[in-house]
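Bear in mind that the values here come from a model prediction, so they are computed numbers and not experimental data. Count residues from 1 along the sequence. Heavy-atom basis, side chains included; hydrogens, waters and symmetry copies ignored.
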Amino acid sequence: MLVRPHGILKVLFQSVRKCRSQIHQLSSNCRSPTAKSEVILKNSRCLHTSPISRSWWEKDRKGGYNFTRASVSRKQMILDGLKELKTEIALWQQEVREKLESDPILIYRPGEVDVKFQFHQPKDLEKWVCTTDSDHSEGYSKASFDISPSGYGLFHGTLCNRVPIDGKIKRSGYANISSMRARKSFKRDSYHDWHPYNMLVMRIRGDGRSYLINIATEGYFDVLWNDVYHFALYTRGGPYWQHVRVPFSKFFLGSKGRVQDKQGPISLEHVTQIGFTVDSRHDCEGPFSLEIDYIGCEFDPLHTEKFAYEMYKQDKYIVGT
């Protein structure tokens, strides 16, 4: 069957004329502030209710847990800021002092561990946050992060599999500790630059459970806010300390607890947080205990692996096999 060219041109002209009239009507409606606000509100509602667009952006950095944010007056915000002014100035002075006295490391010697976090005093725990399912009304587990009687950081508590009867929560029983977001003075965001290293080194003493090491690399865009790299930490239990060396190439990418299809190595220049998670899967509820001496990084010249997992990525012009 033959298609006449002038028929196709007629259809194109009609569609262009229709789009032009709709744009003109939208611009005329947006001339007044009231109409403009109504159009914006209507578009925002469509964006929130659309199931496709909901996966394109993140509403909040907390992943949905900030739905009960309290409104604070401007006067109260000024008063709270003045209370933190002394602390922020001291932190700024420390930054300037480190900048002037810093001696850049030019050679990273094998076997030398640069300690990033240590847990010997209560002030070392102020930079860490401990959370459980009960903090989000999702379960009944309890946990805390304290100094142990032997003088080290102790992450301990009790896991509970009991699920709240609300018809929404399906699984519960987890606890987590995480370092606070790396930042500079006056609430400026910063990053841990670990790109010269290829090993994560820890000295721990566990209870025989399996824990999950989490390294967050929060990016600039909202779709990258929840990117976390994971790796399993197996503890032996017993009274003896355990030295752990985990290559950064072994970590795999996850977001909101789901392993991602598209993987890649960690961007070690943009590390924001590190933490540990324990859960009660396979009916392993009950007490848990993880004692940590320090967390550091190391450069091993014998480890040349960039990323441990094959992705089997096909070229774009290959449709199938």
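In this structure, the side chain of Ser280 engages the main chain of Gly173 through a donor-acceptor pair within 3.5 Å. Looking only at distances, a side-chain donor or acceptor of Thr235 sits under 3.5 Å from a matching main-chain atom of Gly208. Judged by distance alone, the side chain of Glu298 and the main-chain N or O of Gly111 form a donor-acceptor pair under 3.5 Å.
Using cut-offs of 30° and 60° on the angle between ring planes, the pair Phe252 and His230 is tilted. Ring-plane geometry between Phe119 and Phe117 is classed as parallel, the angle between the planes falling under 30 degrees on a 0 to 90 degree scale with a further cut at 60.
With hydrophobic clusters built from ILVMFWY side chains whose heavy atoms lie under 4.5 angstrom apart, Tyr197 shares a cluster with Ile266. Val201 and Tyr211 are assigned to two separate hydrophobic clusters, defined by single-linkage of ILVMFWY side chains at heavy-atom distances under 4.5 Å.
Within the cation-pi definition used here (under 6.0 Å to the ring centroid, within 45° of the axis), Arg162 qualifies as a partner of Tyr140. Geometric assessment of Arg209 against the ring of Tyr234 yields a negative cation-pi assignment under the 6.0 Å and 45° thresholds.
Between Ser179 and Trp128, the shortest heavy-atom contact is N-CE3, 3.4 Å. Summarising the geometry of His243 relative to Tyr294, their closest heavy-atom pair is ND1-OH, 4.0 Å, with the distance given to 0.1 Å.
Within 6.0 Å of the CZ atom in Arg188, the count of heavy atoms belonging to other residues, nucleotides or ligands exceeds 12.
Residues Thr277 and Ile177 are not in side-chain contact: their nearest non-hydrogen atoms beyond the backbone lie 4.5 Å or more apart. Using a 4.5 Å heavy-atom threshold, the side chains of Trp92 and Lys184 count as separate.
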